[in-house]
Amino acid sequence: MQQITISDLKNFVGQEVTLYGWLYHKRSSGKIKFLVLRDGTGYVQCVYFKGNVSDEIFDIADRIGQESSIIVTGKVKQEPKAPGGYELDATDLKIIHETHDYPITPKEHGIEFLLDNRHLWLRSKRQVAIMRVRHRVVKAIRDFFDGKGFTLMDAPILTPNAVEGTSTLFETKYFDLGSAYLTQSGQLYAEAGAMALGKVYTFGPTFRAEKSKTRRHLTEFWMVEPEVAFADLNDDMDLAEEFLEYIVQTVLKEKEEELKILERDTTKLQNVKRPFPRIHYNEAVEILKKHGVEFQWGNDFGGGDETVISEQFDRPVMVHHYPAEVKAFYMKRDPQDERFALAVDVLAPEGYGEIIGGSQREDDLDILLKRIAEHNLPQSAFEWYLDLRRFGSVPHSGFGLGLERTVSWICGLEHLREAIPFPRLIYRNTP
RNA sequence: UCCGCGAUAGCUCAAUGGUGGAGCAUCCGGCUGUUAACCGGAGGGUUGCAGGUUCGAGUCCUGCUCGCGGAGCCA
């Protein structure tokens with residue numbers, strides 16, 4: 001008897017096979033029982049007729065509870081009515097572990113209950129589909145950069161200094177050196193990498209101790225940050241749009257089944273093709289005014305503002321030249337107009353907001369020193385970073401893409417917490 | 001941190017200030033093609049915690065705890 005997976009059933013029609021998995025769902029009708037098996041690769045209905053199997057096997061099928069782990073043997077049958085197209089005419093059933101009273105039933109549950117049971121919730125169809133898409137997005141990210149001559153060069157997670165104020169940093173004791181902080185961004189280290197390798201990217205978890213309590217925030221999330229030497233803001237935008245197009249089109253092509261399970265309207269994703277609209281901050285402000293939004297020039301956009309702006313377009317929109325005041329110290333200012341930073345945010349459609357933030361970096365030592373002073377940052381903490389401008393400084397640019405926001409957008413999720421296996425939220429760090 | 005909402009059976013919810021219910025889950029019984037199957041029956045409650053008002057509080061009032069939605073901030 002051949003042991004196979006549910007995803008391989010199509011190659012074994014008419015043959016008797018053995019599947020290992022968990023009981024996902026059960027229906028019975030007197031002398032016939034329908035056991036839906038899941039094995040991580042898919043779902044298949046196994047049909048047990050009384051008479052075709054021994055009474056003992058039939059009793060097991062009757063008795064075992066949802067999520068019991070079992071070994072099923074039977075003949076593969078094509079069944080147009082079955083989801084997936086195949087069904088198992090079962091001949092045998094063995095128990096690996098019998099269980100009862102599994103907490104997550106086929107009926108609806110509240111979000112608190114589901115998050116308390118996240119370790120079990122992950123077994124459900126929808127969550128499995130999301131994790132598959134997440135995995136494919138991660139692979140697409142790596143394939144894209146690897147294929148373009150980038151080197152993966154990860155940044156440290158424990159960092160020595162409170163760079164942009166301690167209020168949003170997680171602090172931890174660090175032996176005799178006092179405190180260390182969980183990284184908020186690998187960018188400064190990526191810049192060092194770009195000066196060594198030309199094109200690099202960091203990809204890992206980042207941490208923000210912001211007391212944010214919205215569907216768009218996690219305290220721990222994953223970010224990919226490419227950094228390119230000899231690249232200006234336009235090069236940065238070129239890279240960002242090619243990157244996003246590649247991710248979305250790849251997932252559309254390869255995770256069709258999962259997006260269907262998630263009931264994602266993929267027509268909106270089909271549009272994600274170059275070129276993306278590029279608008280100046282001033283144009284974005286005009287759009288807000290035209291739509292009756294009260295907005296003070298010079299401010300950053302809020303979530304609602306971003307939605308209004310992105311609704312004007314059928315694909316991601318790149319907003320560039322933000323007022324320098326609201327942007328980070330390391331962003332280079334526009335030599336034509338010092339009020340603006342050479343920065344870009346990419347706003348996803350359908351209200352998903354900012355998924356990419358990037359900029360051309362300040363490469364002049366003296367200007368950077370001035371910015372550090374203006375932001376009341378401790379220069380000593382940045383001496384290593386300033387060295388990058390002392391020894392062979394070049395124009396360079398990069399951006400950061402939030403993985404969970406991207407997954408959330410592609411999957412059409414209501415909340416970021418479903419886009420990561422074990423979400424960390426302001427009032428939750430379990431399981 | 002601020003604004004708003006909520007906490008009742010394992011889960012999702014209902015209950016005019018007057019004997020706390022339903023669906024699902026569980027258990028028992030029925031059904032040879034079910035798709036969140038269906039039909040009949042049973043068990044299951046310190047109504048988040050602490051006070052108060054009242055003849056009487058799940059319901060009204062005060063405080064607390066926990067959670068949810070949003071804002072600000074950000075990816």
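Because the structure is predicted, anything quoted here is derived from the model rather than measured. Protein chains get the first letters and strands the later ones, always in sequence-line order, with residue 1 at the start of each.
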**Item:** Who pairs with B:G67 - Watson-Crick or G-U, where each distance is under 3.5 Å
**Value:** B:C5
**Item:** Span that lies between the P atom of B:U19 and that of B:U65, in whole angstrom
**Value:** 34 Å
**Fill in**
Reading nucleotides 68-75 of chain B from 5' to 3' and marking B where a protein heavy atom lies under 4.0 Å of the base, S where only the sugar-phosphate is that close, and - otherwise, the string is BBBBBBBB
**Asked** If you measure from the P atom in B:C68 to the same atom in B:C13, how many Å do you get, rounded?
**Response** 14 Å
**For B:G58, the Watson-Crick or wobble counterpart (both distances under 3.5 Å)** = none
**Asked** If pairing requires Watson-Crick or G-U wobble contacts with both distances under 3.5 Å, which nucleotide is the partner of B:G40?
**Response** B:C28
**Prompt:** So does A:Glu374 have more than 12 non-hydrogen atoms from other groups sitting under 6.0 Å from CD?
**Reply:** yes
**Item:** Base versus backbone protein contacts along nucleotides 26-33 of chain B [heavy-atom cut-off under 4.0 Å; B, S, -]
**Value:** SS---BBB
**Prompt:** Which whole number of Å gives the distance between the C1' atom of B:G69 and that of B:G52?
**Reply:** 31 Å
**Asked** Using 30° and 60° as the class limits, which term best fits the ring planes of A:Phe150 and A:Phe145: parallel, tilted or perpendicular?
**Response** tilted
**Request:** Quote, to the nearest angstrom, the P distance that separates B:U53 from B:U1.
**Result:** 33 Å
**Request:** Sticking with atom C1', work out how far B:G45 lies from B:G10, rounded to a whole angstrom.
**Result:** 12 Å
**Message:** In whole Å, measure the gap between the P atoms of B:G33 and B:C38 for me.
**Reply:** 16 Å
**Request:** Could you list all the salt bridge (Lys or Arg N to Asp or Glu O under 4.0 Å) pairs where at least one residue sits in residues 296-324 of chain A, not counting sequence neighbours?
**Result:** none
**Prompt:** How many Å lie between NZ on A:Lys26 and P on B:A36, as a whole number?
**Reply:** 17 Å
